[in-house]
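Here is the naming used below: chain letters follow the sequence lines, and residue numbers restart at 1 for every chain. The structure displayed is predicted, hence computed values, not measured ones.
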2 protein chains.
Amino acid sequence: MPKRSLRPTMRDVARLAGVSPMTVSRVQAGSALVAPETRDRINAAIAALGYVEDKVAASLSSRRTGFIATIVPTLTNSTFADTAHGLTEALRRSGYQLLIGYTRYRMSDEESLIRTMLERRPEAIVLAGMSHTEAAGTMLRGAGIPVVEIWDCGEADPIGYAVGFSNIESGRAAARHLIALGHRRIGAIGPTIGDDAHDFRGEARLTGFTEVLREAGLSTDRIVQRGDVPLSFAGGAAAMAHLLDTAGPLDAVFAISDLAAFGALMECQRRGIAVPGSLSVLGFGDFEIGDQCVPALSTIGIDAEDIGRRVGELLLRLLPGDAGDHGPTPTAVTDVGFKIVERGSTAPRPVST
Amino acid sequence: MPKRSLRPTMRDVARLAGVSPMTVSRVQAGSALVAPETRDRINAAIAALGYVEDKVAASLSSRRTGFIATIVPTLTNSTFADTAHGLTEALRRSGYQLLIGYTRYRMSDEESLIRTMLERRPEAIVLAGMSHTEAAGTMLRGAGIPVVEIWDCGEADPIGYAVGFSNIESGRAAARHLIALGHRRIGAIGPTIGDDAHDFRGEARLTGFTEVLREAGLSTDRIVQRGDVPLSFAGGAAAMAHLLDTAGPLDAVFAISDLAAFGALMECQRRGIAVPGSLSVLGFGDFEIGDQCVPALSTIGIDAEDIGRRVGELLLRLLPGDAGDHGPTPTAVTDVGFKIVERGSTAPRPVST
DNA sequence: TTGTAAGCGTTATCAC
DNA sequence: GTGATAACGCTTACAA
C-alpha cells in the first residue's frame, strides 16, 4: 500500500464539489449529461486544487490508452521527423499521443522496442519498413491492434496496412532518368550492408537502380556501398571521393539519399568538378537542403510529411473515435508514389566527349 | 466492466505455471528471490502464452510510470533531435521511456503539452527554455517531479534544474569575434518575433550580439529579423538577400542558426559574392551541414547531444533507481558552454577597402 | 521462497 | 442527472 499521493485525486475534487467521483469523471470526459451548475462547481474545484487527471488510471479502467506507438530508424534524419510531424498534426485534435522510438536502423533494437511499446498498450503501432525479425512479426501479428508499415510498399504483403511507395521502383526510375539523359558511365552511392544495421529501403533503391543498369547493358561496377548506415553528408562525400579516385571517367551518380548526394556534390566542388557540367548528381528524398544548395539538387521526391498525414487519417478511421462514422473500410496499401524533381545538378550528357 | 481482454494477463501465466500472480510479478521484475525452477516454469508459461506485461497496470499500482516527458520546440531541427538522442542513449539501459512532444515554438502549445504530459504521470519533465506561460510555470512547480530546463541558462533561476549555456553570452561572443577580425559593417539575421511563436534562445543570441555592437560603437541597423520561426535555409537566404539589397556595404553577417547561415551562404554564392573573400558569414549551432558545405561554415559550437546526455545523467541521479548510490546532490545549473568553431566562411577584413 | 489481502485512480454499468 | 459498486491488471506490505 504505497503512501498516499501528493497530488489531488478525483475523489478530492468530488469531495470539494460535493458530488461523487463519477460525476467528476463525466465532466472530465466532456459528457453533456451533467447539469451546468454541477459542472461549474466541479470545474471550480478542479481549478482550486490544481487537479490533473491521471490517465494511467483512466487508461487501465477504460482500456484505452490513447497511445500510438511509432517506430522509426532515426530521429536525426529530417525525413522521419517530417513523417512524425505529419502524423502528429493529423492526430492533433483527436487526443492521441505519439509514443516515439527509434531503432538506429537495427533490427534487434526494433524488436525490443516493439516489445517495450506493446507493454504500454498502444492502440495502434506504426513502423518503418516491411522487414522485421521473426519475433517482431509474431508480436505485431498478435498485438490485436492496427499495424501500419510505412515508407515502403508494393513488394510484400503488409502485416496490417502499408503507407509508402515502392523503393525498388524509385531506384529503377532514377536509373532510367539518368540513362535518358544520355549518361552511360553511371555510378551509385549507398551505405555498407551491415549485419544487424540495415537500411532496407535504401538497399532496395540501389537494387532497382542496379537492375535497370544491367538491363540496359551498362556496367554496374561504379556502384559503391561504403560508409555507416545511415549514409549522411560525410559518408556521401567519402563515397564520391572513392568513386572519383578509382572508377575512372564518370557521367552521372545517384545517391540513395539527398544527404549523401549533397556530400557528393560538395566533394565535387572541392575538386573543381563541374556539376552538372561534367558530372550529373541525382539524390533521393527531396530534403530541404537540396532545394537550397548551389547547384540545386535533382532528386526523387517523396512527401515524407504526407506519409505521416495519411497514416494519421487511416488511424482515425480505424480507431474507435467520437466522430462516429469513419467512412468506408480503408484499403490495405496506400501508395503515395514518388516523382522526379529536376533541378540544377543533372543535365544531358554533353554531345562532345 | 469492460469485456475481458484478449491478451493473456499475469493471472493466466500464473495459472499455467501453477503459481500465484505475485510470483510471476517477481520474475518480471527480475527479482532474485524466486527459485530457479519456478522461474523457468514461469518463463515457459510466458513464452507459451505470448504474454506481454501491462505497464499501464504496473504503473498505476507501483506509482512509477518510467516516463520522462520531453518537450522541445521542434523535431524537424537536427539540434533538438540530437539532444533527444543523447537523452535516450543516456537512459537506454535504465528502462525509462521518453515521452516526446513538440511545441512548434508556441507558448500556448507548450502549456497544453505540459498538461497533457503531466496526465501521463511522468517521473521527470525536460523542456527547452526558461520562458513559459504563467499557467505552465504553476503546473511545473506543482508537478512534484524533477523539472529540467535545457538549452539555456545563466540569466534566470531555473524552476528545478537547468542544463544549457548562456545564449546571450554566445551572441556576445559572436559579435566580439567578428569585430576582432576587423569587421565594422556587421549584420545579423534572426527570425521575426511572433506573438505566440517565439524562439527565445535565438532572440537572446541576437540581443547579446546587438549589445556588443552597440558597446563597440557600431551600427546595429544591419540586424534584420524576418521570416518565420524557426528560421531555416530559405528564411536565411531571404534575409541575406534583403540585407544585400538594402543595407549597403557589408563586412560580415551572423545568423542565429547554421541553417539560416547556410541559406545566407548559398544566396551569396548565387550572387557571386565571395565568402569569406568579400563577406564573412558566421553561424550558430555547429550543425553537420556547416562542416560539409563549401566553404565550411564558421560557427558557434554547441554540443546538442551532450546536453541530452547530461540531462540523462542528472535524471539518473535524481530518480529512484535500482543502482542504489547516486552520488552527491546535483547542482541546479549545468553550463555546457559553447565554443567558436573557425572554419572557412570567416576571415579577417581585407587590409585594403 | 511463496502466497494473501488490499488498493493504485479511474471508468463501465446499472440503479435511482 | 447522479451515485454505488465492481472491476481494470498489477504491486506493496506482510504473513507463512
Whole Å only: how far is the [atom1] atom of [X] from the [atom2] atom of [N]?
X        : N      : atom1 : atom2 : value
A:Leu60  : C:dG9  : CG    : P     : 12 Å
B:Glu53  : D:dC10 : CD    : C1'   : 9 Å
B:Ile46  : D:dC10 : CD1   : C1'   : 14 Å
A:Arg63  : C:dT13 : CZ    : C1'   : 16 Å
B:Arg15  : C:dG3  : CZ    : P     : 14 Å
B:Arg64  : D:dC10 : CZ    : P     : 18 Å
B:Met10  : D:dA7  : CE    : P     : 20 Å
A:Arg121 : C:dT10 : CZ    : P     : 21 Å

Query raised in the report: Do any N or O atoms from the side chain of A:Asp12 and from the backbone of A:Thr9 form a donor-acceptor pair under 3.5 angstrom?
Result: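 A pair under 3.5 Å: yes.
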Requested in this report: Look only at the side chain of A:Glu110 and the backbone of A:His132, and say whether a donor-acceptor pair between them is shorter than 3.5 Å.
Outcome: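 It does not hold such a pair.
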Report task. Kindly say if B:Tyr51 contacts the phosphate of D:dC10, meaning a side-chain N or O under 4.0 Å from OP1 or OP2. Result ->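 Yes, because at least one side-chain N or O of B:Tyr51 sits under 4.0 Å from OP1 or OP2 of D:dC10.
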Query - N/O (side chain, B:Ser25) to phosphate O (OP1/OP2, D:dT11) under 4.0 Å - result: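 True: B:Ser25 side-chain N/O within range (under 4.0 Å) of D:dT11 OP1/OP2.
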Query raised in the report: Under 4.0 Å between a Lys/Arg side-chain N and an Asp/Glu carboxylate O for B:Arg310 and B:Glu313?
Result: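 No, no charged N to carboxylate O under 4.0 Å.
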Query raised in the report: Ion pair present between B:Asp54 and A:Arg63, side-chain N to carboxylate O less than 4.0 angstrom?
Result: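 Between A:Arg63 and B:Asp54 there is no salt bridge, as every charged N stays at least 4.0 Å from the carboxylate O atoms.
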Polar atom pairs between nucleotides 1-5 of chain D and protein, under 3.5 Å, N or O only, would you list them?
| residue | atom | partner | partner atom | Å |
| --- | --- | --- | --- | --- |
| D:dT2 | OP1 | A:Thr38 | OG1 | 2.5 |
| D:dT2 | OP2 | A:Ala35 | N | 2.8 |
| D:dG3 | OP2 | A:Ser20 | N | 2.9 |
| D:dG3 | OP2 | A:Ser20 | OG | 3.2 |
| D:dG3 | OP2 | A:Thr23 | OG1 | 2.6 |
| D:dG3 | N7 | A:Arg26 | NH1 | 3.3 |
| D:dG3 | O6 | A:Arg26 | NH2 | 2.5 |

Requested in this report: Kindly say whether, by distance alone, the side chain of A:Ser61 makes a donor-acceptor pair under 3.5 Å with the base of C:dT10?
Outcome: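 Such a pair exists between side chain and base.
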Query raised in the report: How would you list, by chain and number, every residue that makes a ring pair (Phe, Tyr, Trp, His ring centres under 6.0 Å) with B:Tyr105, sequence neighbours excluded?
Result: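 Applying ring pair (Phe, Tyr, Trp, His ring centres under 6.0 Å) to B:Tyr105 gives none.
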